[in-house]
Amino acid sequence: MMTKQEILDKLGISDVNMGLTTGTEWFDTEGKTTTSYSPIDGKEIASVKNGTLDDYEMVITKAREAFKTWRMVPAPVRAEVVRQIGLALREYKEPLGALVTLEMGKIYQEGLGEVQEMIDICDFAVGQARLMNGFNLQSERPMHRLTEQYQPLGVVGIVTSYNFPVAVWAWNSALAIAAGDVVVWKPSSKTPLTAIATMNIIQNVLKENNVPEGVFNMMVAKSSVMGDNFLGDKRVDLLSLTGSTAVGKRAAQIVGKRLGKTLLELGGNNAVIVTPNADLKLAIPSTVFGTVGTAGQRCTTTRRIIIHEDVYDTFVEKFVNAYKSVEKKIGNPLDSNTLVGPLIDKYSVQLFQEAVTKVQEEGGKLLFGGEIAKGQGLENGLYVVPAIAEAQNHFKIVQEETFAPIVYLIKYSGGVENAIAINNDVPQGLSSAIFTKDLLEAETFLSGMGSDCGIANVNAGTSGAEIGGAFGGEKETGGGRESGSDAWKVYMRRQTSTINYSTDLPLAQGIEFNL
Amino acid sequence: MEITKDITIEDLIEDYPFSVKYLSTKGIRCIVCGEPIWGTLEEACLEKNFTEEEIEQAVKDLNELNKQNK
């Protein structure tokens, strides 16, 4: 494993960093300075100068100007830049993955996985660039052609969260850039260094390909500088926001007021259903990864497990035993033996502890964990022992998303439809899963009367989505879809064209209009 | 510097971290999904149906806590 200094040196991170770039040019801004601390040991990693309102104006102006050029570059040529970015990310996979771990706290394997997601979406976008096609349709009029095509949309604003500090930027940017858009990225103030490192990694590719300044923009800024004004800015054609439902609702209102477009990836309250026909050899390890992976700080983290009464006791015994093994592997996320790293900050620990208290106040029973982990290297108080609690689905705390490793066990009886009803009875609708070997149960779960979530898996957990599928959820999760499948369409402007190649002027619906 | 109702929640958390606990007791969650909510202190209070007087009181309390924390 590289040392901290080696990681920073490889990625071009200095003690004090500029927080604004338009691609290859960096700007020395005069906003507040944000210091990034590692949740691993609470020590300062480096600091970043924030952008100001004047800087924001400069970036948006530059982005709009760059769009005029970029939209006319053929899509496969644009995607060649994305391909080269994918190659650069391959070259820097280890240091960037390590920096994700250092700054965010997820285990190194997950840090590497995050960079691999960036690489995967680059590869995906390269192929997609030749398939950003519309339809040719049959016209009702003679010698007319009816066609649909997709055009570049404009400026895409990207707001990302600390838990996937760079992958979400890549999901959006790879497709947006291939689609002919330009991007303006506001990274999380908790993880600005990974954003700067990413921009450092790609800048040689931008230079070598003469990509205009203003196509790839990134500005570290407070929400007072890049908040409501960003959302309400008519010059931003699509606002892609990953974050909480609270921020998403605010964004939807402000962007909606100007009838702008949003792509919202918000909170989840994801459940796994374990039926009497489940293979527990699959269900247990898969669900443990879902509950404690990234220390419970994924939007797809498993928050609820809905277990049939016939297998409840067996499942609980095995599940608690698995947590006992996990407890021994709480520690420094850069250590290859660690399975659970720290939470991002003391506030997250506080919310975790509050949830543990609240579920018991509402009548739930704590079965495991819930305390701050102790031991050598864990002294900063950000490491917690993942909690398991028996609960009822209607508890107020169960209906909320707590961004920490606490999972609620809920017993059900009768048929799978009862478990599905519990699965759906929360405000959020991101991810869901069922463990069963019974075809009827699985298909019911996937049917129109099944899970109401954007993601519904069978014999696979709620987290760990592949890049090829569309990612997103319903209800208070926001309704957006990004990443694979046809998610590229959100980054483009749809256009229907009628072409008359006759010498007559027949009107649609047979309307006569004789002058 | 005095805390005012126009301060953003993000700045409040950064400059006056004790505010998180105080506002939590008033039913306001400053941090959701690990990130600060957007908007001002006043907006967060109004979302929880605080009256003008209650907002003023919250600002007063926070300034008092700030003095104690210095």
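Throughout, a chain's letter reflects where its sequence line sits, starting with A, and its residues are numbered from 1.
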Worksheet item: Side chains of A:Thr245 and B:Val32: closer than 4.5 Å at any heavy-atom pair?
Response: no

Practice prompt. Measure A:Ser348 against the heavy atoms of chain B and call it side chain, backbone, both or neither at under 4.5 Å.
Written response: side chain

Worksheet entry | Contacting region of A:Tyr162 [heavy-atom separation from chain B under 4.5 Å] | both

Discussion item. I'd like to verify something: which residue of A:Ser224, A:Ser244, A:Ala251, A:Ala246 has the highest number of heavy-atom pairs under 4.5 Å with chain B?
Written reply: A:Ser244

Worksheet, complete the sentence: Heaviest contributor of heavy-atom pairs below 4.5 Å to chain A, chosen from B:Ser24, B:Gly34, B:Cys30, is B:Gly34

Worksheet, complete the sentence: Closest heavy-atom pair, A:Val247 versus B:Ile37, reported as atoms and distance to 0.1 Å, is CG2-CA, 4.0 Å

Worksheet, complete the sentence: Applying a strict 4.5 Å limit to non-hydrogen atoms, the region of B:Glu43 in contact with chain A is side chain

Worksheet item: chain B heavy atoms under 4.5 Å from A:Leu231: which part of the residue, side chain, backbone, both or neither?
Response: side chain

Discussion item. I'd like to know which of A:Lys222, A:Glu354, A:Gln350 tops the heavy-atom pair count under 4.5 Å against chain B.
Written reply: A:Lys222

Worksheet item: Considering only heavy atoms from C-beta outward, does the side chain of A:Val159 approach that of B:Trp38 to under 4.5 Å?
Response: yes

Fill in: Close side-chain approach of B:Glu35 and A:Ser188, heavy atoms under 4.5 Å
yes

Discussion item. I need the contact set between residues 56-69 of chain B and chain A: heavy-atom distance under 4.5 Å, sorted by residue number.
Written reply: none

Worksheet item: Is B:Arg29 paired with A:Glu400 through a side-chain N to carboxylate O contact shorter than 4.0 Å?
Response: yes

Worksheet entry | chain A-proximal positions within residues 6-21 of chain B [heavy-atom distance under 4.5 Å] | B:Thr8, B:Glu10, B:Asp11, B:Ile13, B:Glu14, B:Asp15, B:Pro17, B:Val20, B:Lys21

Worksheet entry | Residue A:Gln360 excluded, over 12 heavy atoms near CD under 6.0 Å | yes

Response to the item:
When every non-hydrogen atom of A:Lys190 is compared with those of B:Pro36, the smallest separation belongs to CE-CD, 4.5 Å

Worksheet item: So what's closer than 4.5 Å to chain B heavy atoms on A:Val349: side chain, backbone, both or neither?
Response: neither

Worksheet item: Has the side chain of A:Glu401 got a donor or acceptor atom that lies under 3.5 Å from a matching backbone atom of B:Cys33?
Response: no

